[in-house]
Amino acid sequence: MRIATWNVNSIKQRIENLTAWLKERSPDIVCLQETKTVDDAFPREPLEALGYNVAIHGQKTFNGVAILSKLKFDEVTPRLPGDDADDHARFIEATVSTDRGVLRVASIYLPNGNPPDTDKYPYKIRWMDRLAKYAHERLQLEEPLILAGDYNVIPTADDVHNPAVWTKDALFLPQTRSKFRALTSLGLTDAIRAVSDDKGLYTFWDYQAGAWQKNWGIRIDHLLLSPQAADRLTGAGIDKHVRSWERPSDHVPVYADFAIEAV
DNA sequence: ATGGCCAATATGATTGGA
């Protein structure tokens with residue numbers, strides 16, 4: 001079972017890159033973020049033509065998440081619990097059936113939080129608290145659980161080209177990193193860090209200032225695994241080459257492989 | 001760190017991204 005996450009920065013602008021990458025990497029389940037469209041306008045057909053079931057939770061203009069799955073969905077649930085007034089489309093969870101029982105996958109688009117001196121930062125922190133509460137509850141189910149998405153968190157100084165530049169950014173502030181550690185400390189494993197201690201593993205390069213050409217990247221897209229998923233992890237990687245394609249997203253796909261099979 | 005981008009929106013200047 002191969003499970004991936006990709007912030008596509010508009011599903012409509014990225015549909016050709018997405019289908020090309022799906023053919024190349026053949027993931028079984030894909031979590032998408034920043035689809036940036038209402039559900040009625042989501043391009044389902046080219047994805048269904050490749051054998052994917054499509055679960056979407058979008059909104060006009062901004063945000064938007066989706067899950068693609070070659071396995072049939074058993075349950076699909078949009079919205080992160082904990083704040084009924086939060087109308088941003090940033091979370092969708094689905095379950096599928098496997099030889100290890102229920103496999104639960106969530107596609108997550110955690111708020112950016114910049115600039116930190118506005119109400120955007122406390123919204124990010126509250127969202128992280130809600131995510132930790134949700135994760136704590138889900139972990140008690142003792143299922144294979146994968147929380148995959150754009151976390152907008154640079155976990156450590158090894159995950160950014162020049163840490164000093166980012167010290168006052170919402171993605172790297174001490175409180176942000178502390179909240180991320182609180183999340184992983186519940187018992188979640190960062191799939192990429194389970195397979196590599198290398199520096200320079202990035203998932204995002206800004207469109208501006210030649211960031212890609214200079215490799216000024218950051219690692220902010222993560223797959224966090226419950227113990228029951230981490231125990232079955234066989235590999236993980238970042239498809240960096242996708243950033244060099246025509247009309248790229250500023251993020252690239254991240255994937256992990258598991259010794260878990262469809263039934 | 002920024003000279004340099006990109007996407008959506010009743011299409012022209014703004015907002016959001018990270």
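Just so you know, these numbers come straight off a predicted model, no measurement behind them. Just so it is clear: chains get the letters A, B, ... in the order the sequence lines come, proteins before strands, and each one is counted from 1.
- In the set B/dA18, B/dA8, B/dT2, the nucleotide with an atom closest to the side chain of A/A209 is B/dT2.
- Checking A/I11 against A/N63, the closest nucleotide of DNA chain B that is more toward the 5' end is the one next to A/I11.
- Of the two residues near DNA chain B, A/N9 and A/W216, the one whose nearest nucleotide lies more 5' is A/W216.
- Annotation: B/dA7 and B/dA18 have their C1' atoms spaced 14 Å apart (nearest Å).
- The phosphate of B/dC6 has neither OP1 nor OP2 within less than 4.0 Å of any side-chain N or O from A/R14.
- Separating the CZ atom of A/F62 from the P atom of B/dC6 is a distance of 18 Å, rounded to the nearest angstrom.
- For the pair A/H161 NE2 and B/dT2 P, the computed distance is 10 Å after rounding to whole Å.
- Closest to the side chain of A/K60, out of B/dG4, B/dC5, B/dT9, is B/dT9.
- Proximity note for A/K120 (side chain, C-beta onward) versus B/dG16, B/dA1, B/dC6: the nearest is B/dG16.
- Across all strands, A/Q208 comes closer than 4.0 Å to base atoms (heavy-atom distances).
- When the P atom is used for both B/dC5 and B/dA10, the distance is 25 Å, rounded to whole Å.
- Within the 4.0 angstrom heavy-atom criterion, only backbone atoms of the sugar-phosphate kind lie near A/Y109; the bases stay farther away.
- Considering only side-chain atoms of A/V165, the nucleotide from B/dA8, B/dC5, B/dA1 that sits closest is B/dA1.
- Taking the charged nitrogens against the carboxylate oxygens, A/R138 and A/E93 do have a contact shorter than 4.0 Å, which makes a salt bridge.
- Between A/Y151 and A/F180, the ring centre distance stays below 6.0 Å.
- With hydrogens and angles ignored, a donor-acceptor pair closer than 3.5 Å exists between the side chain of A/K214 and the base of B/dG4.
- Around the CG atom of A/D197, the shell of radius 6.0 Å holds no more than 12 heavy atoms that belong to other residues, nucleotides or ligands.
- Listed candidates were B/dA18, B/dG17, B/dT2. Nearest to the side chain of A/L171 is B/dA18.
- Counting non-hydrogen atoms under 4.0 angstrom, A/H251 reaches the backbone sugars and phosphates but no base.
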Walk me through whether A/V254 and A/W6 qualify under side-chain contact (heavy atoms from CB on, under 4.5 Å).
CA-CA 7 Å; A/V254 185; A/W6 191 7; over 6 Å; no

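- The distance from atom CH2 of A/W205 to atom C1' of B/dT2 is 18 Å, rounded to the nearest whole Å.
- Rounded to an integer number of Å, the gap from A/D250 CG to B/dG16 P is 17 Å.
- For A/I218 and B/dA1, the CD1 to C1' distance is 12 Å, given to the nearest whole Å.
- A/N112 comes within 4.0 angstrom of a base, heavy atoms only.
- A/R219 places no side-chain N or O within donor-acceptor distance of the main-chain N or O of A/T203, the cut-off being under 3.5 Å.
- Using atom C1' as the reference point in both B/dT2 and B/dG17, the two lie 15 Å apart (nearest Å).
- A/D28 and A/Y52 are not linked by any side-chain donor-acceptor pair at a separation below 3.5 angstrom, with hydrogens and angles left out of the test.
- Distance from the side chain of A/S10 is smallest to B/dA7 among B/dA1, B/dA7, B/dG17.
- As rounded to whole Å, 18 Å separates atom P of B/dA18 from atom CH2 of A/W212.
- Among the atoms of the strands shown, only primed sugar atoms or phosphate atoms (P, OP1, OP2) are found under 4.0 Å from some heavy atom of A/R90.
- Per the geometry, NZ belonging to A/K168 stands 11 Å off P belonging to B/dA1, to the nearest Å.
- Spacing between atom CG of A/N7 and atom C1' of B/dG16 amounts to 12 Å, rounded to whole angstrom units.
- Between A/D86 and A/Y123, the side chains place a donor N or O and an acceptor N or O closer than 3.5 Å (distance only, hydrogens not considered).
- Here the separation of B/dA8 from B/dG4, taken at their P atoms, is 22 Å to the nearest Å.
- Note on A/D221: nothing from the nucleic acid sits closer than 4.0 angstrom, heavy atoms only.
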